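Read through the structure below, which is laid out as structure tokens, and then see the notes.
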Amino acid sequence: MENINNITVLFGTLITLLLSVVAYFIKQLHSDFKSMEKDLIEVKTMALIIKTEFKSGNGLLNQKVEYLEKRVQHIELVILKNQDYEK
């Protein structure tokens, strides 16, 4: 009977120890997921900032291209008028 009690206490201690180890690793995993979630939010924010900056830069570049196209058209008209006057 004492052997059965000793084995029961030994298995109980072993199971408690193993469950403690599992609980520790689950706690570590949970904290890792929380930090990963924070990092993911930061990455999303940075991606949104980069996207916004790209759109504003693209808009500015389009404005400059339109301005240059108008200048080229104006210069072409001036050149054509000068050629017509020379004839």
Side-chain angles (χ1 to χ4, degrees):
M1 199 62 140
E2 282 184 38
N3 283 340
I4 293 176
N5 286 339
N6 286 340
I7 292 174
T8 304
V9 170
L10 180 65
F11 279 131
T13 305
L14 184 62
I15 289 172
T16 303
L17 182 64
L18 289 175
L19 285 175
S20 298
V21 170
V22 169
Y24 172 77
F25 284 117
I26 288 175
K27 183 179 175 183
Q28 290 296 320
L29 185 64
H30 185 259
S31 66
D32 288 346
F33 274 118
K34 279 190 173 185
S35 65
M36 185 180 68
E37 182 181 16
K38 288 178 184 176
D39 291 344
L40 186 61
I41 289 171
E42 185 178 330
V43 167
K44 284 182 180 180
T45 304
M46 290 301 294
L48 185 61
I49 290 171
I50 291 170
K51 183 179 176 182
T52 304
E53 288 177 356
F54 178 76
K55 282 185 177 181
S56 65
N58 192 25
L60 183 61
L61 187 61
N62 285 337
Q63 287 177 354
K64 288 181 180 181
V65 168
E66 288 174 9
Y67 174 72
L68 290 174
E69 285 177 349
K70 288 179 183 177
R71 284 186 64 191
V72 167
Q73 287 176 356
H74 179 70
I75 291 171
E76 287 175 346
L77 287 175
V78 169
I79 290 173
L80 287 175
K81 286 182 181 178
N82 284 341
Q83 287 177 353
D84 286 343
Y85 288 129
E86 290 177 358
K87 289 182 180 179

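Throughout, residue positions are numbered sequentially from 1 according to the sequence presented. What you are looking at is a predicted structure, and each value in this text was computed from that prediction instead of being measured. We use all heavy atoms of the structure for the numbers below, so side chains are in, but hydrogens, waters and symmetry mates are not.
- Taking NZ of Lys64 as the reference point, atom CG of Leu68 lies at 9.0 Å (rounded to 0.5 Å).
- Remark: Lys51 NZ to Ser56 OG distance equals 13.0 Å, nearest 0.5 Å.
- The line from CG of Leu10 to CG of Asn5 is 12.5 Å long, rounded to the nearest 0.5 Å.
- Atoms CD and CD, from Glu66 and Glu69 in turn, are 7.0 Å apart once rounded to the nearest 0.5 Å.
- Considering Val43, Leu48, Ile49 in turn, Ile49 is the only one that fulfils the side chain to side chain contact (heavy atoms under 4.5 Å, CB included) rule with Thr45.
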Please determine whether side chain to side chain contact (heavy atoms under 4.5 Å, CB included) holds for the pair Met36 and Asp32, giving the CA-CA distance in whole Å, both sets of side-chain angles, and the decisive distance to 0.1 Å. CA-CA 6 Å; Met36 185 180 68; Asp32 288 346; over 6 Å; no
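- Taking 4.5 Å as the limit, every side-chain heavy atom of Leu18 sits out of range of all side-chain heavy atoms of Val22.
- Surrounding CD of Gln28 are more than 12 heavy atoms belonging to other residues, nucleotides or ligands, all under 6.0 Å away.
- Put simply, CZ on Phe11 and OG1 on Thr16 are 13.0 Å apart, with the number rounded to the nearest 0.5 Å.
- Going from atom CD of Gln63 over to atom CG of Asn58 covers 10.5 Å, rounded to the nearest 0.5 Å.
- One hydrophobic cluster, built from ILVMFWY side chains closer than 4.5 Å, holds both Val21 and Tyr24.
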